[in-house]
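One structure is given below, encoded as structure tokens.
Chain naming here is simple, since letters A, B, ... match the order of the sequence lines and numbering starts at 1 in each. Predicted model only: the values in this text are computed from it and were never measured.
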Amino acid sequence: MDYQFKDIEKKWQQFWADNHTFKAENKTDKPKYYVLDMFPYPSGAGLHVGHPLGYIASDIFARYKRLKGFNVLHPMGYDSFGLPAEQYAIQTGQHPAVTTEDNIATYRRQLDQIGFSFDWSREVRTSEAGYYKWTQWIFMQLFNSWYNKDADKAVSITDLVAHFESKGSAGINAVCDEEILSFTAEEWKAFTEQEQQAELLKYRLTYLRESTVNWCAALGTVLANDEVKDGFSERGGYPVEQKKMMQWSMRITAYAQRLLDGLDTIDWPEPLKEMQRNWIGKSVGASVKFPLDKSTHLAGLSADYIEVFTTRVDTVFGVTFMAIAPEHELVAALTTPEQKNDIEAYIAKTKKKSELDRMADTKTVSGAFTGSYVLNPLNGEKIQLWIADYVLAGYGTGAVMAVPSGDQRDYLFAKHFDLPIVPIIDIQNIETEADPTKEGKYINSEFMNGLDYKAGTAAVIAKLEEIGAGKAKVNFRMRDAIFGRQRYWGEPVPVYFKDGLPYLIDESELPLILPEIDKYLPTETGEPPLARATGWSYKNQESRDKKQEEGFSYELSTMPGWAGSSWYWYRYMDANNSEEFASQEAIEYWKAVDLYIGGSEHATGHLLYSRFWNKFLKDIGKTPEEEPFKKLINQGMIQGRSNFVYRLFLQSGEELERNFDEINKGKPLFVSAKYANEILSTKILPIGYTKETSFKDILIGQLGKDALSEHVVDNSLFVQKLHVDVNIVNNEVLNIEAFKKWRPEYAEADFVLEDGKYICGWEVEKMSKSKYNVVNPDDLIERYGADTLRMYEMFLGPLEQSKPWNTNGIEGVFKFLRKFWRLFHDADWNFNVSNAEPSKAELKSLHKIIQKVEQDVERFSFNTSVSSFMIAVNELTELKCNKRAILQDLVITLEPYAPHICEELWVLLGNEAGTISYATYPKFNPAYLVEDEFSYPISINGKMKTNIALSLSLGNDEIEATIRAHADVLKYLDGKEPKKVIVVKGRIVNIVA
RNA sequence: GCUCAGAUGGUGGAACUGGUAGACACGCAGGACUUAAAAUCCUGUUCCCGUAAACGGAGUGCGGGUUCGAUUCCCGCUCUGAGUACCA
């Protein structure tokens, strides 16, 4: 039979499901290998052709590893909590759980069609109670932990309490809030429970704190930093403003250094690591305290100094003013009555600016003088104190010691406001701009004068420490992550409130189930949707004792989208465990993900949070590895490739603008791409022009005389470029009949063709419905089958490169599979394989591909092995090879790429159904590739001229002698004696003439 | 602005440690089969000169360099894409 991909693929997909072919065991004597894909958010749109790219690559890898004798864990699941389902619920009233379920069903159907070797018995869904129970459990562990800097790890909060009880707050070196109390053991014990809890909250790894958040009014929720782009929400593009709110946060900053260090130990793409490094943003410098000049109106102020962070503490003698953020908490207190108007006007201006276009306009210098002064801690010099919006409240201390001679922003500011600029290095050139050099010797710097950068920095830090005015300090750009969303469709936080303070519910009460509510909107009083749940409150012995009928109220915000995805790879190890998030045994066996494939858009979100939770789980002894994803590959984005048709109006643009609706109803005329381009480049001119260049003859020539009266209005040409559905365009040729059906208003349209065809234009754009460039994998599977789709997606180019999707060329892959099928069949499509001994040439073809696939898969170069398979099949077809000894091994090597056809042929070859997945990858034998002759390329002065076949047994001298005497070579040399002959054995001969 | 990645025929791409640039595939052109079309098969296909072949010349974004030899290494530049953006 001819290659019947539909029957074959359906049959084997069913077989794999029925026989649990890809079920992985948690214990075998085989070595383990864990291949993970970033699990999808099941959106309503289903999969487009770009989604499976990474899944296909990981599936090929997983199948290959099985053939290589590994016990492979290759699971799949759904990140099923999230905003889109909830937005949809708000619009339609449908429960997000229902739409999510539907979407998952669609995803599953689409994934099954592609023939992935997932172990579905381990499927996880983050929105299921059996899963989010453990997300809540991890939250509780975080709540019960603090970060001990001395031990450099998270430890139990009970240890902290014990310390407080015996020694008070002395000797604690923690990552914690800034405004912690100092107290003795006695004082601690004298605290009320409420006071103790309030203090402990400042240490917990997840904590509640009034913090500035990204508030998105349109979505009714706060967003994480990585969910905000240029002041707008990443999802939906709604404006985001800064707002102070009581919020759950995760103390990820405690792990900043470890997150940074870990990057050096993992095999990830360098750009991705770089993005994380930038996000963490470590800078080494010093903090310096500048005393306030209290000889003035500031006498009564409680604050004594302003602290700054600087990476160039060596330039402290060049400080000529100080700038603080307009939002700085001391601004009001520091402003003198005379400056009050200026300052208030400036603050009002910056507020408006940050709302409108915060990202534009970084060039304009602006600021206002407070009227107050600080003193340089080293020489007591009086320094003006300004506010300026180039100082960010959220970075460092929100204050900058300005050194105009060394920093360009400070320089521009000083020039603009006529402030002094003091050079502090002898070779500094500050005529036109700041000079941040570290070379040269210090000047104008008292005790530092004459020192170089290294010695100067050490000296100034020593001095600052000595007088208590500063110290060396490391600063991180990364902030603690906000961990609450005022939304419904997420994990409930397992916390209730008593006397305004949060307490964990009892572990035995997990999971805290997401309650039903009537509407998925905030309440009238602005509380999150969960406030709508009736009778949803925490009742325990205490509430009953206190005769609180209604119990304690639960936390009403839910967890953010990244909560469930920050640990899911552990759940796959033991997905159905109801006692633990995964058994110690399973975790000990699988340890960490060996290969993780996904998009780089998760660089600073998911991948950072996951590393953070992983480190925490390791600290509390639940998991063994410091890093969760040993190797990571970013698959490139699949961009859209749009097609265009060109509608031509034979009238002026002004007329069209005036009367477009009316004109648009007229009979449409479309011109092929060539004509559109020539019209746009004015190679073709309107009707009135000379014969050679006028559009008139083209029009009459193709559409007849009547076309003139039908289309021509005046002597103008106007081209309108319109998107056309890529699915009715084949190799840029428009299917005109399909086009007329696609848009009824074009049913009567006329077309000006080139070579009898309508050629469309094309461009690379985002893949989106509105651009009609979405290609659905279902359609391609229907036409060519899953094996073809799998191989074509790989054939498209290197996995990590972004590329536009273009279905042109898929035929070639389909033809290859058919040709492969034909190797096993005679002219009448009867299965026909011989047991004859293979020839040398056949063995060579086979072993070339065995070696090639091995090398390619190991370096994730899947596109090149597809080409090599084509070469192998072309060669074997040429050799008319139908020998079992060759074909059986070939089937195994192709199985990871095209599993269905290979399963079918495997069984036709007489093997047991389902066993190919665990067959042994054929052993490469280099002996079959050995040649005894090589066709040497002969170049003269580096230019290839001819080939001469020589035995490989010849030595360099023999080769040179033969070449020098060869007739062809003598002809090229034209009697001249070569200056030099370079012989590289088995490679090339180069003659220098 | 900074950081990173990339630039090879009409198109997607190959060339792995410096050694025959353009593998493989699409498209296109010509041919076979067919009443015809589709499908299939065969041949050609980097560009320029030339009727064609032999042959000759140019050629991996641009300009230099190292080398017997450079798509590959080095220096400078242009363009494209991604990330980031007053980070003190």
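- Spacing of P atoms, B/rU60 relative to B/rG10, comes out at 14 Å, to the nearest Å.
- Distance noted for atom P between B/rA23 and B/rU78: 34 Å (whole Å).
- Residues A/Tyr305 and A/Phe290 keep their aromatic ring centres 6.0 Å or farther apart.
- Using a 4.0 Å heavy-atom criterion, one finds that A/Leu796 contacts the sugar-phosphate atoms exclusively.
- Listed nucleotides: B/rA88, B/rA15, B/rA25. Nearest to the side chain of A/Ser283: B/rA88.
- Taking atom CD1 of A/Ile810 as the reference point, atom P of B/rG27 lies 12 Å away to the nearest angstrom.
- Salt-bridge check for A/Glu875 with A/Lys844: failed, with every basic side-chain N at 4.0 Å or more from each acidic carboxylate O.
- Regarding A/Phe862, its CZ atom lies at a distance of 18 Å from the C1' atom of B/rC24, rounded to whole Å.
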> Where does RNA chain B pair, written as one dot-bracket string 5' to 3', with Watson-Crick or G-U pairs under 3.5 Å, ( ) inside the strand, [ ] for crossing pairs and | for another strand?
Replying inline: (((((((..(((......[....)))((((((.......))))))(((.......)))..(((((..]....))))))))))))....
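- Between A/Glu732 and A/Lys757 there is no salt bridge, since no side-chain N of the basic residue sits under 4.0 Å from a carboxylate O of the acidic one.
- Checking B/rU20, B/rC24, B/rA15 against the side-chain heavy atoms of A/Met944 singles out B/rU20 as nearest.
- One C1' atom belongs to B/rG76, the other to B/rA54, and the distance between them is 43 Å to the nearest Å.
- In this structure, the nucleotide among B/rC4, B/rC87, B/rA25 sitting nearest to the side chain of A/Pro271 is B/rC4.
- In this structure, A/Ile280 and A/Arg477 have side chains that are not in contact, with every pair of non-hydrogen atoms separated by 4.5 Å or more.
- Between A/Asn863 atom CG and B/rA25 atom C1' there is a gap of 12 Å when expressed in whole angstrom units.
- Across B/rU3, B/rA88, B/rU20, the shortest atom-to-atom separation from the side chain of A/Tyr395 is found for B/rA88.
- Atoms CZ and OH, on A/Phe869 and A/Tyr897 in that order, are 6.0 Å from each other to the nearest 0.5 Å.
- A salt bridge is defined here as a Lys NZ or Arg NE, NH1 or NH2 lying under 4.0 Å from an Asp or Glu carboxylate O, and A/Asp410 with A/Lys415 fails to meet this definition.
- If you find the closest nucleotide of RNA chain B to A/Arg641 and to A/Asp856, the one lying nearer the 5' end belongs to A/Arg641.
- Considering only side-chain atoms of A/Arg987, the nucleotide from B/rG57, B/rC87, B/rG19 that sits closest is B/rG19.
- Spacing between B/rG81 and B/rC28 at atom C1', rounded to whole Å, works out to 30 Å.
- Taking the six-membered ring where the residue is Trp, A/Phe816 and A/Phe820 present parallel rings, their angle staying beneath 30° rather than reaching 60°.
- In this model, the phosphate group of B/rG13 is approached by a side-chain N or O of A/Gln801 to a distance below 4.0 Å at OP1 or OP2.
- Residues forming a ring-ring contact (aromatic ring centres under 6.0 Å, His included) with A/Phe309 (at least two apart in sequence, or on another chain): none.
- One atom, CE of A/Met637, and another, P of B/rG6, lie 17 Å apart when rounded to the nearest Å.
- Mapping A/Lys757 and A/Met401 onto RNA chain B by nearest heavy atom places A/Lys757 at the nucleotide closer to the 5' end.
- Counting non-hydrogen atoms under 4.0 angstrom, A/Pro798 reaches the backbone sugars and phosphates but no base.
- Atom name C1', nucleotides B/rG69 and B/rG19: the rounded distance is 7 Å, in whole Å.
- Nucleic acid contact for A/Ile982: base, since at least one base atom lies under 4.0 Å from a heavy atom of the residue.
- If you take CE of A/Met275 and P of B/rA85, they are 10 Å apart, rounded to a whole angstrom.
- Rounded to whole Å, the C1' atom of B/rG27 lies 30 Å from the corresponding atom of B/rA82.
- Aromatic ring centroids of A/Phe321 and A/Phe417 lie 6.0 Å or more apart.
- Between B/rC16 and B/rU11, the two P atoms lie 23 Å apart (nearest whole Å).
- Using cut-offs of 30° and 60° on the angle between ring planes, the pair A/Tyr792 and A/Phe795 is tilted.
- Spacing between B/rU80 and B/rA88 at atom P, rounded to whole Å, works out to 29 Å.
- Across all strands shown, A/Lys852 has heavy atoms under 4.0 Å from base atoms, whether or not it also approaches the sugar-phosphate.
- For the pair A/Glu811 and A/Lys815, the salt-bridge criterion is not met [side-chain N within less than 4.0 Å of a carboxylate O].
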> What one-letter contact string describes nucleotides 40-45 of chain B from 5' to 3', where B marks a base within less than 4.0 Å of any protein heavy atom, S marks contact via sugar-phosphate atoms alone, and - marks no contact?
Replying inline: S-----
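- A salt bridge links A/Asp2 to A/Arg818: one of the charged nitrogens lies within less than 4.0 Å of a carboxylate oxygen.
- Atom pair A/Glu854:CD and B/rC16:C1' shows a separation of 15 Å (rounding to whole Å applied).
- Summarising the geometry, the separation between CG on A/Asn475 and C1' on B/rA88 is reported as 9 Å, rounded to the nearest angstrom.
- Put simply, A/Arg277 has no side-chain N or O that comes within less than 4.0 Å of OP1 or OP2 on B/rU3.
- Counting non-hydrogen atoms under 4.0 angstrom, A/Val992 reaches the backbone sugars and phosphates but no base.
- Using a 4.0 Å heavy-atom distance criterion, A/Val391 is classed as a base contact.
- A/Lys273 has no side-chain polar atom (N or O) that falls below the 4.0 Å cut-off from OP1 or OP2 of B/rA5.
- Residue A/Arg477 has its side chain nearest to B/rA85 when only B/rA85, B/rC26, B/rC24 are considered.
- Its glycosidic angle being more than 90° from 0, B/rG63 falls on the anti side.
- Remark: the backbone N or O of A/Gly986 is paired with a side-chain donor or acceptor of A/Tyr936 at under 3.5 angstrom.
- To the nearest angstrom, P of B/rU67 lies 15 Å from NZ of A/Lys979.
- Residue side chain A/Asn990 reaches the base of B/rC68 through a donor-acceptor N/O pair under 3.5 Å, judged by distance alone.
- When distances are taken from the side chain of A/Met870 to each of B/rA25, B/rG19, B/rA88, the shortest belongs to B/rA25.
- At a threshold of 4.0 angstrom between heavy atoms, the contacts of A/Tyr936 with the nucleic acid are absent.
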